[in-house]
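Basis for what follows: all heavy atoms, side chains included, without hydrogens, waters or symmetry-related copies. In each ligand, atom 1 is the first atom listed, and ligand 1 is the first ligand listed.
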Amino acid sequence: MSMNGYISVEQSLNLSGSVNLVGAKNAALPIMASLILTTGKSVLHLVPASADIWKMIDLLSDLGAKIKFDSEKNRLEFDGSSIDKVEVSHEVMDRMRASILVMGPLLARFKKARAAFPGGCLIGARPIDFHLNGFEKLGAKITRDKNLIYAVMDEKSNQNRKIVFEYPSVGATENIVMFATMQQGETKIINAALEPEVLDFIDALRKMGADIKFELPATIIITGVKTLNPIEHTIIPDRLEAGALLLAAAITGGQVELPDANSDHMDLFLEKLKLMGHKLEIGFNSRNGKKVGIRLIATKNPKAVNIKTCPYPGFPTDLQSPMMAALCLANGVGLVEETVFENRLMHVKELEKMGAQISVENSKATVNGVEGLYGANVIASDLRASVALVIAGLAAEGETKVFGINHWRRGYDKLEDKLKKLGAKIEVVEG
Ligand code: EPZ
């Protein structure tokens, strides 16, 4: 991990103001990959200018796509007509796990693809067996040579088109959906992931002309079509950026308004904030005939709550560490259980350096609320941990230095400026 640079955060009580959200990175990434299926010019709006998006732009450009990204306007133009390469290098896969998402659409359009096994990452082993088994069931022949994976459409294509996931993997669902959109006949995915980002991605594919339906319980049915067309699409507002801003206001005893936030994407998280004693006003704004907007007025005396991460609509793993930061200063004992990734509690040690009292047993953390936190030098282990430590730093006495700005940059688009606008004393100090 690069130790160059850090985020300096000083105690900033009563954050207050209104912030517009950018689009969700985890919706933008698969939607960008899905544009491989089209020829002609597409336009995406609200694309966050975060490092993972830039990496995906590099990857897709390397395959031959023509991309223009206006990072100030968050507007991305994409033309996949000139894509002529089906190989993703090992180096690229290692830099960004989400690169695996180009395999499904490459295989659908060019009948072959090559990628490398992504490395494990700090939050867990993160295998890709669901993706590869799904491709095989859809008629691809997979061969492995050391670290490389080759996939080629088999002429004697398998007609058994029912994919049953043991676990509702977000990336595997997206990859199989992309692959199946242009496969003749019907494909069913049972136990599919239904995160808001997955639904936005399916919305974009439907605009392209894909035939995708849902069935209870958690089943996606894709009927293949011959061609898909370019689209114009606005990415859904980022519920993880929204969560970070709500928690920043909550922990500092302030108030924040997110006029474009969609509360339907974060019901359980909002319930937990209410249980802590924070006041929430939902749907005070309207967009395209829908009520949107979340306003939080923090209690000065928050109560501890328990959370357990699960696939949507359970509590999102990506908000587990930011929520834990808030629990450090709540009254009472909060239990936090991580069930999605096997190793996503590394922020605990860092929060302890700031005075938090947490004990960990396997994937469960017990957070004993304390009176106050103090500034310390801490290290972010992943992108969501970086925001968790910043949130803790906003409430901690003195200065907190969060090392690992590469993680911060991966997941957020100028979030430091949005926090500053609310009154936060935060500076990103480049190394
Ligand atoms: C997506 O990752 C997100 N990334 C993650 O966001 C998010 O934490 C995760 O979904 C869960 O919501 C993107 O959308 C780009 P999974 P993904 O496949 O698709 C296991 C963030 O902070 N699994 O749903 O990789 C896996 O190991 C990031 O923005 C297999 O065993 O997640 C994990 O334990 C981090 N085999 C669980 O499933 C497989 O083939 C869920 O992973 C695939 C996954």
Using a heavy-atom cut-off of under 4.0 Å, does the side chain or the backbone of [X] touch ligand 1, or both, or neither?
X      : value
Leu240 : neither
Glu197 : neither
Lys25  : side chain
Glu166 : neither
Tyr167 : side chain

> Less than 4.0 Å between a side-chain N and a carboxylate O, is that true for Glu352 and Lys349?
Replying inline: no
> Salt bridge check: are Glu338 and Lys364 linked by an N-O gap of less than 4.0 Å?
Replying inline: no
Which of the ligand 1 atoms, numbered from 1, are nearer than 4.0 Å to a heavy atom of [X]:
X      : result
Thr317 : 8 (O), 11 (C)
Leu383 : 22 (O), 29 (O)
Arg384 : 21 (C), 22 (O), 29 (O)
Val340 : 33 (C), 34 (O), 37 (C), 41 (C)
Phe341 : 8 (O), 9 (C), 33 (C), 34 (O)
His131 : 40 (O)

>> Quick check: closest heavy atoms across His233 and Asp200, and the distance to 0.1 Å?
In response: NE2-OD1, 2.9 Å
> How close do Thr181 and Ala210 get, heavy atom to heavy atom, and via which atoms?
Replying inline: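 So the two residues come closest at CG2-CB, 3.7 Å.
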>> Less than 6.0 angstrom separating the ring centers of Tyr167 and Phe130, yes or no?
In response: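 No: the rings miss the under 6.0 Å criterion.
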> Is there at least one pair of N or O atoms, one from Ala172 and one from ligand 1, spaced under 3.5 Å apart?
Replying inline: no
> Is the shortest N/O to N/O distance between Glu342 and ligand 1 below 3.5 Å?
Replying inline: no
>> Check contact between Arg344 and ligand 1, using heavy atoms of the residue and a distance below 4.0 angstrom.
In response: yes
Side chains of [X] and [Y]: donor-acceptor distance under 3.5 Å anywhere?
X      : Y      : value
His347 : Gln320 : yes
Asp382 : His407 : no
Arg239 : Tyr312 : no

>> I'd like the name of whichever of Ala27, Pro127, Gly171 reaches closest to atom 19 (O) of ligand 1 through any heavy atom.
In response: Gly171
> Quick one: which of Asp129, Val170, Asn343, Asp318 has a heavy atom closest to atom 7 (C) of ligand 1?
Replying inline: Asp318
>> If you apply the rule side chain to side chain donor-acceptor pair (under 3.5 Å), what do you find for Asp260 with Asn285, and how did you get there?
In response: CA-CA 8 Å; Asp260 40 17; Asn285 200 359; over 6 Å; no
> Parallel under 30°, tilted from 30 to 60°, perpendicular over 60°: which one fits the rings of Phe403 and Tyr6?
Replying inline: tilted
